[in-house]
Amino acid sequence: MSQTTTSAADQAEATPPPRGGRKPPSRTTTRLVVTIGIIVIAALVVFLLLSPPNPDARPVSLGFSYNSFFQWIGDMGPIVQIPIIVLVFAAVVAILLVLIEFAPRAGKGYFWLRLISCFAIPFLAFMMLRPYQGAVVYVIAIALLAGGLLFWADYRASQGAGYVYQLTLFMAPAAIAILVGLVYPSIATIIQSFFDKTGANFVGLDNYVWAFTNPQGFWSIINTLIWAVFAPIFATVVGLAYAAFMERARGERLLKVLVFMPFAIAPVSISLIWKFVYDYRQGEQIGILNALVVAFGGEPVRWLDVWPLVNTFCLLFAFVWAQTGFAMVVLSAAMKAVPVEQLEAAQLDGTNAWQRFINVTVPGIRTSIIVVLTTVTIAALKLYDIVAVMTGGRSNSTVLGFEMVNQQQRFQSYGHSAALAVLIFVFVTPLIVYNVLQLRKQREVR
């Protein structure tokens, strides 16, 4: 009986009391209205983007805008620009902190502060973009609808008025940065991939057909897949071997620093180092590889021009040399976390060092191995510096990252560049999703 009374009392304390004795607002209704509002806002954004531009329309300004601010500060010297930017940034942060601290409080004055700020902040933010006259109605509607949804959802929050408001202000800077720096460019790139090199004419899937049929696009895809398969395997295997052999070696810290050092070097510097390793010339050799070939009576070889695939693997080894240090550090830390009891039990069962390593250590660090494999694979898919410095993409050594930049800067073909960027995104996304799922499983096990 006492247990029932205690649990009922705890449940009553955990459930927030209804406002004014009224029934708590329905979460289903709140979610439904917010979902409908977001759909309406998205529809207004689509209509705004698809509406035909009016060449005679003039921007509507509040007297100041983002554009005018950056033009004004751009006319000043760098010494003056820095403190102004710092002061503006500090002022924006201070306003957000004041609203986050005071607006969520209970009281009539704070209620009006939340109400005014919910409508004023999005309205000012959108109007400072200087929308054209034909778009002002859309902009005002989007701003007011967004502010209204925020205030209504905050007022009906089960945690109390001010909770959703405060949470939104906390998330707004990061969300805006993600939208402006990631989501919008991604959507724009996908749309651009269906247009020609000028971006004016719709060509459908022609850019993707070019990527798989044109030699430059085709070999960039093939080489990228080779990098994605072999680079993580080589780097992980070598890094695991380093971690295992250095575990009980004298001077372990010094050896690990030396192995990790290439990972700390800039990719351009790595490319220059390995370009000298593969250097080819007539007469006295300065490249280490050709010097060894000539010393044993052979002829110097143009390693970076030997095709097929030889030049690709030459570039790949430079990348693996840098990534091995990263793999070694991560896997070495994981190996130290393997329980000693398991290794001792396996030793008592009569296993040798190799069997303990394969059957105990490797399964114990499986999650770390997956993290290293996926991380190195993503780095290989985005590769640019090594190819650009060492070969410039010649002799069919190009990869997607390099060819994407090459098509845009050298040939001004924005459609082809966008299509190659989308292909990189398609290759990378499954790896990121898989990595996140593995990390979640690891947390659930812990």
Side-chain angles (χ1 to χ4, degrees), residues 223-274 277-278 288-289 312-340 342-343 346 352-387 390 399 401 427-428 430-432 434-439 441-442:
N223 289 332
T224 300
L225 294 177
I226 293 173
W227 280 77
V229 172
F230 289 99
I233 293 176
F234 291 163
T236 304
V237 170
V238 178
L240 184 60
Y242 275 134
F245 287 121
M246 292 180 184
E247 190 67 22
R248 297 181 180 179
R250 293 183 179 179
E252 174 188 358
R253 295 182 180 180
L254 178 60
L255 293 175
K256 287 184 177 180
V257 168
L258 294 176
V259 175
F260 183 77
M261 192 176 297
F263 183 73
I265 301 176
V268 174
S269 301
I270 293 172
S271 305
L272 293 174
I273 292 171
W274 280 86
V277 172
Y278 298 129
I288 297 176
L289 195 55
T312 297
F313 277 95
C314 288
L315 301 178
L316 189 145
F317 291 146
F319 177 78
V320 170
W321 180 67
Q323 295 296 320
T324 297
F326 163 75
M328 181 268 299
V329 170
V330 174
L331 297 177
S332 177
M335 289 172 63
K336 292 182 181 299
V338 175
V340 180
Q342 295 181 4
L343 296 172
N352 55 37
W354 174 252
Q355 291 172 334
R356 292 195 298 273
F357 178 76
I358 295 297
N359 298 316
V360 179
T361 303
V362 172
I365 62 173
R366 176 179 176 274
T367 304
S368 298
I369 292 176
I370 292 175
V371 170
V372 171
L373 285 171
T374 52
T375 304
V376 176
T377 303
I378 293 172
L381 290 172
K382 301 186 300 179
L383 185 76
Y384 170 79
D385 309 80
I386 292 177
V387 175
M390 295 184 68
V399 292
F427 290 154
V428 169
L431 295 171
I432 296 176
Y434 180 75
N435 208 350
V436 171
L437 293 177
Q438 291 298 320
L439 291 176
K441 289 181 180 179
Q442 184 181 11

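When all heavy atoms of Leu240 and Ile365 are compared, the pair lying nearest together is CD1-CD1, 3.8 Å. Across Val330 and Val372, no two heavy atoms sit closer than the pair CG1-CG2, 3.7 Å. In plain terms, the two heavy atoms of Asp385 and Ser271 that are nearest each other are O-OG, 3.8 Å. What you find for Met328 and Lys256 is that their closest heavy atoms are CE-O, 3.4 Å. The two residues Ile226 and Leu316 come nearest to each other via the heavy atoms O-CD1, 4.1 Å. Across all their heavy atoms, Ala318 and Ile386 have their closest contact at C-CD1, 4.4 Å.
The ring-ring contact (aromatic ring centres under 6.0 Å, His included) check on Phe263 picks up Phe260, Phe326, with sequence neighbours excluded.
Atom CD1 of Ile288 has 12 or fewer neighbouring heavy atoms from other residues, nucleotides or ligands inside a 6.0 Å radius.
Tyr278 places a side-chain N or O within 3.5 Å of a backbone atom of Cys314 that can act as its donor or acceptor partner. Distance alone, capped at 3.5 Å, places no donor-acceptor pair between the Thr236 side chain and the Ile233 backbone.
In this pair, Phe319 and Trp227 present their aromatic rings perpendicular. The plane angle is above 60°, beyond the 30 to 60° band.
Ile370 has its side chain within reach of Tyr434: a pair of non-hydrogen atoms, C-beta onward, lies under 4.5 Å apart. For the pair Phe427/Lys382, no side-chain contact is recorded, criterion being any heavy-atom separation below 4.5 Å from C-beta on. Asn223 places none of its side-chain heavy atoms less than 4.5 Å from the side chain of Leu315.
Distance check: Gln342 CD to Asn359 CG gives 11.5 Å after rounding to the nearest 0.5 Å. Rounding to the nearest 0.5 Å places CG of Leu373 at 11.0 Å from CD1 of Ile378. Rounding to the nearest 0.5 Å places OG1 of Thr361 at 5.0 Å from CG of Leu343.
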